[in-house]
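Step one of this worksheet: look at the structure below.
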Amino acid sequence: MTLELQLKNHIRQALLALYQLSENDVVLQPTKKDFEGFYTFVTFGLTKALRKPPVQIGQELGQYLLLHAPQVSAFNVVQGFLNLSIHDQTWVGLLNEIIADKNFGTKPANGHSAMVEFSSPNTNKPLHLGHLRNVFLGDSISRILKADGNEVVKTCLVNDRGIHICKSMLAYQHLGNGETPQSAGLKGDHLIGKYYVLFDREYKRQVEALTATGLPEEEAKKQAPWMKEAQQMLQKWEQNDPDTRTLWQQMNQWVYDGFGETYQKIGANFDKVYYESQTYLLGKDLVADGLTTGVFFTKPDGSVWIDLTDEGLDQKLVLRADGTSVYMTQDLGTTDLKFKDYGNDRSIWVVGNEQDYHFSVLFKIMKRLGRSYADGCHHLSYGMVDLPSGKMKSREGTVVDADELIAEVTAAAETEGNSKGKLDDFPASEKTQLFSMLGLGALKYYLLKVDPQKRMLFNPAESVELHGNTGPFIQYTHARIRSVLRKAHAMEVPLGAVASDVALQNSERELIFLLTQYPERVADAARDYSPAFVAQYAYDLAKGYNSFYAEVSILGETDPVTLSARVCLSNAVGLTLKKATALLGIDVPERM
RNA sequence: GGUCCCAUAGCUCAGUUGGAUAGAGCAACGGAUUUCUAAUCCGUCGGUCAUAGGUUCGAGUCCUAUUGGGAUCACCA
């Protein structure tokens, strides 16, 4: 049982003993830094029921706890706030529990499972900054859910078909001259992206030429030769035309190779990949079912709809009049497929918040169709990433390319690292690995520390920053701890348990307090689908350690018991930092 | 026009179910290293929590309205 729960129990007993009051939900909060103590109980809420001033209640409760709660060493009352101090022996006991628990912060399997879908790129252009927020979020939340006791299946639904894919294929057919990633010296995804841009350029030119002849713009967009060709190509694709399919496969393969490289660099992977080319026809049988059960209705033209107006939404099309699918149709089918394949009791979609409406409709439909898993569906909706110059727009070429960005953050880490002179004895390969670790650490932390739901600003200068509230700051703290531990090992300082009668500094109590909170913070992150909690925690812990490090001498301590305690504490902090950053997909170095 | 999200220090962000004097980082300025990694630590400066009401012992947090920003309401995905 956690210290907090123990204290709550004691307070509950105190209320019963002193006032015959049975209070079920006792709330404790961490004591503010300016006051003495670690836990605070607020007594304002009891004044009515007890008809006593808040200070008196605090005093009476404090006295009772001092006598009956063995963890409480002292208390003070400020207005309606009862602040509790904790015995050093209690802290040491907690630290020893943490040290002994190899799985600290990781819950045992709870029998539940979750599917997390993320990344889900189009195969007509390379990944960009927005994808990175998506992938980092999806990867991190998968790790967090796993640590919280769930089995997790990571999936990706690749958008590998449709008119936009045909556009780059068409441009390649016309202008490619048999170019390959090898011959062009480009990653496959970048090569395809190039042709997508070329399509757009030529298409615009054609539209302009047509409007110059007096054709209205709307009409010109439809009549432009390349647009017509692209649509024909889509039809050929749907009819399984061999040449079209061959080209499609070739070009998609290039893209997958390119994506694969990027995924590998950032440490992302999937347990199962779904391809839209294989799922886009699904869902029609669900629509048929829903029609017979009256969930859907048919309009005079034959199109099928659902009416969600009684839930504050609109009517939504689920099948076209000609019987072909829309986005919603395939998502219905794919959702069913996912649950059929894996039977997870939860399914999470990491998708930008511009699709909030789509998912609220999707989930409501699933519910009405009586799908047992409907309540387990969750849209992890995240905000857009803005640039200092404004919104990212692919058409205006203001997107930040993922590969370029990764190269930039790595280069920034390299510049800083080499300027220190501390790494001079590192072999070149280790340096490369370290700079990549630090650059990615900076980037991942930068994107994950912000509440996912919020729109965020991407400042290139800040993203490569290595000081302050950053990934490398935490990585540095870990390296620092490892350095201390290496020296402690050489000095043969015992690393087992801490002696229960050791006297603690306040910075040490503070650190142990932070350590005890780790499991709860992971649980919070899992509950709210927010890696930001873990990021904030890792930063607080690293900061706390650096304060401690500056305040006391660890290896210079002459008392062997205290020396050992500080080394043990350092070790526990180092391990916890490593676990917390791992939940963010961030590696930490031994030296830097 | 309907619906949803957002607004906290010069900038980027925290702020647990309503609790104390609203916190970090960056930027600016000033300190700290004969000793464990200075990619560090300590300090100073910086706020009418968009505005106006309401709920109550107490509101950045809950409710209403207003203003400003964004998204969405496609037989696109």
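In what follows, chains are A, B, ... by sequence order, proteins preceding strands, each numbered from 1. Computed from a prediction, not measured in an experiment: that's the story for all the values here.
- Nucleotide B:A20 holds its P atom 7 Å from the CD atom of A:Q29, rounded to whole Å.
- Nearest to the side chain of A:K422, among B:C36, B:A20, B:U37, sits B:U37.
- Residue A:F473 is in sugar-phosphate contact alone, with no base atom involved, counting any heavy-atom pair closer than 4.0 Å across all strands shown.
- Checking B:A39, B:G19, B:A20 against every side-chain atom of A:K420, the shortest atom distance belongs to B:A39.
- Contact annotation for A:L457: backbone-only contact, meaning every heavy-atom pair under 4.0 Å involves sugar-phosphate atoms and none involves a base.
- Checked against B:G25, B:A14, B:G15, the side chain of A:N469 finds its nearest nucleotide in B:G25.
- With a 3.5 Å ceiling on both atom-pair distances, B:A9 lacks any Watson-Crick or G-U wobble partner.
- Between A:F44 and A:F81, the two ring planes are perpendicular [angle over 60°; tilted spans 30° to 60°].
- Checked by distance alone, A:T40 brings a side-chain donor or acceptor within 3.5 Å of a matching partner on the base of B:A20.
- Counting to the nearest Å, the P atom of B:C36 and the CZ atom of A:R482 are 19 Å from each other.
- In this structure, A:K391 reaches the sugar-phosphate backbone alone: every heavy-atom distance under 4.0 Å involves primed, P, OP1 or OP2 atoms, never a base.
- Side-chain contact check for A:L447 versus A:L137: every heavy-atom pair is 4.5 Å or farther apart.
- Across all strands shown, B:C36 forms no Watson-Crick or G-U wobble pair with both key distances under 3.5 Å.
- For A:A479, the side-chain atoms get nearest to B:U37 when compared with the rest of B:G25, B:U37, B:A39.
- As rounded to the nearest Å, B:C6 and B:U12 have C1' atoms that lie 16 Å from one another.
- Taking the C1' atom of each, B:C11 and B:A74 are spaced 38 Å apart, rounded to whole Å.
- Within the nucleic acid shown, A:E311 has no heavy atom closer than 4.0 Å to any nucleic acid atom.
- Note on A:P54: nothing from the nucleic acid sits closer than 4.0 angstrom, heavy atoms only.
- Aromatic rings of A:F136 and A:F118 (six-membered ring for Trp) have centroids beyond the 6.0 Å cut-off, not under it.
- Nearest-nucleotide positions on RNA chain B place A:E520 closer to the 5' end than the other of A:G556 and A:E520.
- In this structure, CD of A:Q453 is placed 12 Å from C1' of B:C4, rounded to the nearest angstrom.
- A:K487 comes within 4.0 angstrom of the backbone, heavy atoms only, and of no base.
- Pairing of B:G47, defined by two Watson-Crick or G-U wobble distances under 3.5 Å, is not identified with any nucleotide.
- Nucleotide B:U72 forms a Watson-Crick or G-U wobble pair with B:G2, both donor-acceptor distances falling under 3.5 Å.
- In terms of position on RNA chain B, the residue among A:L434 and A:F458 whose nearest nucleotide sits closer to the 5' end is A:F458.
- In this model, no donor atom of one side chain and acceptor atom of the other lie less than 3.5 Å apart for A:R455 and A:N353.
- Residue A:F35 is classed as a base contact, given a heavy-atom separation below 4.0 Å to a base.
- In this pair, A:F363 and A:F359 present their aromatic rings tilted. The plane angle is within the 30 to 60° band.
- Nearest heavy-atom pair across A:L46 and A:L21 is CD2-CD2, 3.7 Å.
- Heavy atoms of A:K449 sit nowhere under 4.0 angstrom from any nucleic acid atom.
- Residue-level contact check: A:D386 touches neither bases nor backbone, having no heavy atom under 4.0 Å from any strand.
- The side chain of A:V484 lies closest to B:C36, out of B:U12, B:A20, B:C36.
- Distance A:D356 CG to B:C4 C1': 7 Å, rounded to the nearest Å.
- Look at B:A52: its Watson-Crick or wobble partner, with both distances under 3.5 angstrom, is B:U64.
- A:Q56 places its CD atom 17 Å from the C1' atom of B:C57, with the value rounded to the nearest Å.
- Taking both residues in full, the closest heavy atoms of A:A542 and A:T477 are given as CB-OG1, 3.6 Å, listed atom of the first, atom of the second, then distance.
- Here the C1' atom of nucleotide B:U12 and the CZ atom of A:R455 are 15 Å apart, to the nearest Å.
- Between the side chains of A:N134 and A:S119, no donor-acceptor pair is found at a separation under 3.5 Å.
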Next on the checklist: I'd like to compare against my own output: the B/S/- annotation of nucleotides 72-77 of chain B with a strict under-4.0 Å heavy-atom distance to protein.
Outcome noted: SS-BSB
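- In this structure, A:G417 reaches the bases: a heavy-atom distance under 4.0 Å links it to at least one base atom across the strands shown.
- In summary, A:E217 and A:K221 engage in a salt bridge, as defined by a charged side-chain N under 4.0 Å from a carboxylate O.
- With both pairing distances under 3.5 Å, B:A59 is matched to nothing as a Watson-Crick or G-U wobble pair.
- Among all heavy-atom pairs drawn from A:L7 and A:Y39, the shortest one is CD1-CD1, 3.5 Å.
- Using bins of under 30°, 30° to 60° and over 60° for the plane-to-plane angle, the ring pair A:Y446/A:F458 lands in the perpendicular bin.
- The side-chain ring of A:F44 is stacked on the base of B:G19, judged by centre separation under 5.5 angstrom and plane angle under 30 degrees.
- Rounded to whole angstrom, the span from the CG atom of A:L82 across to the P atom of B:G19 amounts to 17 Å.
- Rounded to a whole angstrom, the distance from the C1' atom of B:G10 to that of B:C45 is 12 Å.
- Among the heavy atoms of the strands, none lies under 4.0 Å from A:L313.
- Of the candidate nucleotides B:C36, B:C57, B:A14, B:A14 has the atom nearest to the side chain of A:V450.
- Distance from the side chain of A:S483 is smallest to B:C36 among B:C36, B:A39, B:G70.
- Contact check for A:Y445 versus A:N469: side-chain heavy atoms found under the 4.5 Å cut-off.
- One P atom belongs to B:A24, the other to B:A20, and the distance between them is 15 Å to the nearest Å.
- A:W248 and A:W237 have perpendicular rings, their planes meeting at more than 60° on a 0 to 90° scale where under 30° would count as parallel.
- Across B:C57, B:G19, B:C36, the shortest atom-to-atom separation from the side chain of A:K48 is found for B:C57.
- Separating the C1' atom of B:A59 from that of B:C49 is a span of 11 Å, rounded to the nearest Å.
- Straight-line distance between the C1' atoms of B:A71 and B:G30: roughly 46 Å, to the nearest whole Å.
- Taking the ring centroids of A:F473 and A:Y476, they lie at or beyond the 6.0 Å cut-off.
- Remark: A:K454 is not in phosphate contact with B:U12, judged by side-chain N or O atoms under 4.0 Å from OP1 or OP2.
- Side-chain proximity of A:V78 to the nucleotides B:A20, B:U40, B:A14 is greatest for B:A20.
- At a non-hydrogen distance threshold of 4.0 Å, A:Y539, A:K543, A:N546, A:S547, A:Y549, A:A550, A:V552 from residues 539-552 of chain A come into contact with RNA chain B.
- Distance A:E465 CD to B:G25 P: 13 Å, rounded to the nearest Å.
- Annotation: B:U64 and B:G47 have their C1' atoms spaced 26 Å apart (nearest Å).
- The gap from the P atom of B:A39 to that of B:U35 amounts to 14 Å, rounded to the nearest Å.
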